[in-house]
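As structure tokens, the structure follows; a few thoughts come after it.
Per chain, numbering begins at 1; letters A, B, ... match sequence-line order.
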Amino acid sequence: MKSLVETEVDAANALAASQGVEAVRDALAATNPEALERQKQQKRIGLKPLPNAVDGSVVLRFAPNPNGPLTIGHARGVSINSQFAEMHDGKVVLRFDDTDTKIKPPLPAAYEWIEDEYEWLAGKPADIVIRASDRMPIYLEHAKQMISGGFGYVCRCSASDFKQLRDSKEACPCRERSIENNLSDWNAMIEGEISEGGAVVRVKTGLDLPNPALRDWPALRIQHTPHPMVGQKYKVWPLLDFQSAIEDHEQGVTHIVRGKDLMDSTRKQTLLYQHFGWKYPETLYWGRVKVHEFGGFSTSGMRNEIEEGIYSDWDDARLPTLRALRRRGFDASALRAFWIDLGLTQKDISISMQTIESFNSSVIDERCERRSFVRNARTLHLNWNNCPEGRVDDASIARHPSGTISGSREWNLGDGSILIETDDLDNNEIRLKDFADIEIVENEARVQSLDRSDKRAIVHWLPTSMARPATLTRAVESDFIIEEGMIENFELTVGAIVQLERVGFARIESIPKDGAIELLYLHG
RNA sequence: GCUCGUGUGGUGUAGUUCGGUCCAUCAUGUCGCCCUCUCGAGGCGACGACCCGGGUUCAAAUCCCGGCACGAGCACCA
């Protein structure tokens with residue numbers, strides 16, 4: 001039996017065959033004219049809603065390792081999680097996953113930095129803030145339950161021996177020992193009687209699982225190195241998969257958004273949840289992100305390079321940390337908008353700072369005052385002899401060209417000498433922006449008219465009396481390029497972001513009593 | 001090697017659930033023009049993509065099969 005659609009399609013095809021497609025078009029126009037109109041495709045804006053979300057009871061989490069401040073990559077986690085929370089009237093738990101004392105040890109200062117950076121980006125503080133290292137009793141208790149329940153055991157095989165057995169789907173000898181023996185080994189572990197590497201607690205899983213990574217995965221291991229925040233108190237520390245699984249359950253997390261490199265974590269943790277009889281949260285993934293200009297982001301790598309003196313500190317403008325971006329003048333809402341526009345996909349992507357900069361420009365442009373910055377300054381003396389309007393001693397220039405900031409910058413021409421960039425000397429007839437047309441003859445700027453008389457190039461300039469020496473520092477790859485010049489000395493304040501006309505946005509870093517003002521380049 | 005995942009313009013992204021309204025969305029980029037007293041902003045236009053090969057179907061970016069490419073996990077790191 002043919003469906004109605006098929007019947008109609010056949011009819012239409014028959015019509016087209018006998019009388020041509022025009023006949024079909026005409027028939028459609030007569031019966032159903034709106035079917036002939038094409039509607040344009042639209043792009044979905046913002047994030048797709050979370051699956052199986054109940055508005056008002058969504059709990060998400062953002063769980064960085066506090067071994068350094070947040071990087072631009074973490075910004076994705078903060079932006080996406082906080083955005084989902086906003087969409088679903090949910091909460092975000094900021095959790096410090098600081099259960100490794102050895103390989104990626106926590107940096108005590110980072111806890112506060114991260115809370116602060118989270119708030120900066122999300123626009124409000126995290127709803128709940130917890131540290132895994134504060135919650136050790138809970139994890140140890142669950143480990144004990146797991147052993148008592150017979151779905152976890154203490155394994156004393158070496159890592160390589162275990163790997164061999166696991167790869168051939170064989171049980172290790174420790175697996176079949178009694179619960180009593182396991183509990184006594186467990187006590188020895190937590191009392192510090194077994195040295196590092198001497199034992200590990202494993203979660204029992206099917207040994208014939210197709211994915212070898214999942215078979216009897218390790219949940220806790222021994223670390224005798226003191227923890228920067230809680231000292232020597234614990235000898236056994238949970239691994240990420242165990243700690244995170246228990247804590248997500250404790251916090252009632254409903255949705256986990258994590259990197260797809262953690263897909264196996266989801267599978268391991270689901271097995272653990274089954275042992276405990278819990279329901280695993282909804283899980284979503286994103287792919288790996290690289291930024292052309294920076295490559296990947298390794299917190300431990302940066303930490304080393306800072307210690308070696310390659311970078312001055314975490315806010316070194318060459319680094320992809322949030323601290324550095326913030327210092328340079330990136331706006332939180334622009335960064336957030338950028339990440340939300342990228343959305344949540346499992347594709348591995350490589351993005352360009354140019355795109356982020358464009359988001360930033362559109363946010364900061366209207367609130368940045370203009371200033372003149374003349375590089376490689378060359379002095380010219382104004383000559384008014386040929387100016388029809390006569391001599392002028394002051395210039396009044398808008399703080400912002402489109403008036404989003406009202407008022408003007410008042411320039412006094414002082415002794416009549418001005419500065420322009422050496423590169424602008426290529427033409428001898430130019431226009432001083434917002435001021436006058438001039439002809440350059442040797443060291444003289446002969447004023448031809450105040451009004452714009454033709455289409456000649458417009459250059460930025462400065463009266464010598466308004467100029468102060470300044471340096472503009474630009475982070476380019478792993479170097480700094482420093483340009484010297486003269487900055488317009490009009491209402492300069494440390495920390496302000498200004499747009500240097502024809503140069504780009506920059507932040508005023510310092511204004512010393514004597515010497516050059518320091519400017520840090522943001523972007524064009 | 002085993003396991004898992006992903007392939008839409010230069011870069012990202014929408015559309016893929018449920019085949020037709022898709023000669024494929026938007027942003028960014030590049031180029032050109034207009035406007036503007038910045039090389040900024042704004043406006044207009046151009047460029048440029050469904051990984052490949054089969055199959056199903058009247059109809060495939062979308063479904064099926066087979067390749068290929070790339071990435072990740074297989075840590076007593078997170």
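For the pair A/Arg131 and A/Tyr111, the cation sits on the ring face: its NZ or CZ lies under 6.0 Å from the ring centre, inside 45° of the axis.
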Pairs counted as Watson-Crick or G-U wobble with both distances under 3.5 Å: what dot-bracket string results for RNA chain B, using | for bases tied to another strand? (((((((..(((.......[.....)))((((((.......))))))...(((((..]....))))))))))))....
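A/Ser372 comes within 4.0 angstrom of no nucleic acid atom, judged by non-hydrogen atoms across all strands. Among the heavy atoms of the strands, none lies under 4.0 Å from A/Gly343. Among the protein residues, A/Cys157 comes within range of the nucleic acid bases, having at least one heavy atom under 4.0 Å from a base atom. As judged by a 4.0 angstrom heavy-atom cut-off over every strand, A/Pro64 is placed among residues making no nucleic acid contact. Residue contacts for A/Ser361: at a heavy-atom cut-off of 4.0 Å it reaches no nucleic acid atom on any strand shown. Contacts of A/Arg431 with the nucleic acid, taken as non-hydrogen atoms under 4.0 Å apart, include base atoms. Within 4.0 Å (heavy atoms only), A/Ser358 reaches sugar-phosphate atoms of the nucleic acid but no base atom. The residue A/Leu240 sits close to a base: some heavy atom pair falls under 4.0 Å. Residue A/Ser350 is classed as a sugar-phosphate contact, given heavy-atom separations below 4.0 Å to backbone atoms only. At the heavy-atom level, A/Gln346 lies under 4.0 Å from the strands shown only through sugar-phosphate atoms.
Between the side chain of A/Arg370 and the base of B/U38 there is at least one donor-acceptor pair of N/O atoms closer than 3.5 Å. Taking only distance into account, the side chain of A/Arg452 never meets the base of B/C37 through a donor-acceptor pair shorter than 3.5 Å.
Between A/Lys455 and A/Gln223, the one whose closest nucleotide on RNA chain B sits nearer the 5' end is A/Lys455. If you find the closest nucleotide of RNA chain B to A/Leu432 and to A/Leu262, the one lying nearer the 5' end belongs to A/Leu432.
Using a 4.0 Å cut-off, some side-chain N or O of A/Thr99 falls inside it from OP1 or OP2 of B/A78. For A/Arg166 and B/A75, the shortest distance from a side-chain N or O to OP1 or OP2 is below 4.0 Å. OP1 or OP2 of B/G73 has not a single side-chain nitrogen or oxygen of A/Arg215 nearer than 4.0 Å.
In the set B/A41, B/G5, B/A78, the nucleotide with an atom closest to the side chain of A/Asp365 is B/A41. Among the nucleotides B/G15, B/U38, B/C76, the one closest to the side chain of A/Leu239 is B/C76. Looking at the side chain of A/Asp424, the nearest of the listed nucleotides B/C39, B/A78, B/A14 is B/C39. Listed nucleotides B/U38, B/C77, B/C74 differ in distance to A/Pro212; the shortest reach to its side chain belongs to B/C74. Between B/G7, B/U3, B/A78, one nucleotide has an atom nearer to the side chain of A/Lys347 than all others, and that is B/G7. Side-chain proximity of A/Lys48 to B/G40, B/G15, B/A78: nearest is B/G15. Among the nucleotides B/G29, B/U38, B/C77, the one closest to any side-chain atom of A/Gln354 is B/G29. Taking the side chain of A/Lys433 as heavy atoms from C-beta on, and the options B/U28, B/C37, B/A78, the nearest nucleotide is B/C37. Counting only heavy atoms from C-beta on, A/Lys260 has its side chain closest to B/G5 among B/G5, B/G40, B/C39. Of the candidate nucleotides B/A78, B/A75, B/C4, B/A75 has the atom lying nearest to any side-chain atom of A/Lys163.
Between B/A24 and B/C51, the two P atoms lie 15 Å apart (nearest whole Å). For the C1' atoms, the distance from B/C64 to B/U25 is 28 Å, rounded to whole Å. B/G48 and B/U11 have their P atoms separated by 15 Å, with the value rounded to a whole Å. Here, B/U21 and B/A61 have their C1' atoms 16 Å apart, quoted to the whole Å. Taking the C1' atom of each, B/G55 and B/U62 are spaced 15 Å apart, rounded to whole Å. Comparing the same atom, P, in B/C65 and in B/G5 gives a spacing of 14 Å after rounding to whole Å. When the P atom is compared between B/A27 and B/C44, the two are found 10 Å apart, to the nearest whole Å. Remark: the separation of the P atoms in B/G7 and B/C63 is 11 Å, to the nearest Å.
Distance A/Asp348 CG to B/U13 P: 10 Å, rounded to the nearest Å. Rounded to whole Å, the distance from CZ on A/Phe359 to P on B/G12 is 14 Å. The separation between A/Lys169 atom NZ and B/C74 atom C1' is 14 Å, rounded to whole Å. In this structure, OH of A/Tyr111 is placed 13 Å from C1' of B/A78, rounded to the nearest angstrom. Computed from coordinates, the A/Asp264 CG to B/G73 C1' distance equals 5 Å when rounded to whole Å. Whole-Å rounding puts the A/Asp261 CG to B/C70 C1' distance at 16 Å. Atom CG in A/Asp161 sits roughly 13 Å away from atom C1' in B/C76 (whole-Å rounding). In this structure, the CZ atom of A/Arg502 is 15 Å from the C1' atom of B/U36, given to the nearest Å.
Among residue pairs with one or both ends in residues 350-371 of chain A, those qualifying as ring-ring contact (aromatic ring centres under 6.0 Å, His included) are A/Phe338-A/Phe359; sequence neighbours excluded.
Between the CG atom in A/Leu522 and the CZ atom in A/Arg474 there is a gap of 11.0 Å [rounded to 0.5 Å]. A/Leu220 contributes atom CG, which lies 12.0 Å from atom NE2 of A/His142 (distance to the nearest 0.5 angstrom).
By the neighbour-count criterion of 12 heavy atoms within 6.0 Å, atom CD of A/Gln164 is sparsely surrounded, having that number or fewer from other residues, nucleotides or ligands. In this structure, A/Lys144 places its NZ atom where only 12 or fewer heavy-atom neighbours from other residues, nucleotides or ligands lie under 6.0 Å away.
Ring centers of A/His460 and A/Phe373: at least 6.0 Å apart, outside the cut-off.
Two residues are said to be in side-chain contact when any heavy atoms from C-beta on lie closer than 4.5 Å; A/Tyr285 and A/Arg258 meet this criterion. At a threshold of 4.5 Å between non-hydrogen side-chain atoms, the residues A/Met87 and A/Leu50 do not count as touching.
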Checking A/Arg409 against A/Ser372 for the side-chain hydrogen bond (donor to acceptor under 3.5 Å, both in side chains) test, could you report, in this order, the C-alpha distance in whole Å, the side-chain angles of both residues, the deciding distance, and whether it holds? CA-CA 11 Å; A/Arg409 300 126 71 190; A/Ser372 186; 5.7 Å; no
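In this structure, A/Phe62 has no ring pair (Phe, Tyr, Trp, His ring centres under 6.0 Å) partners at least two apart in sequence or on a different chain.
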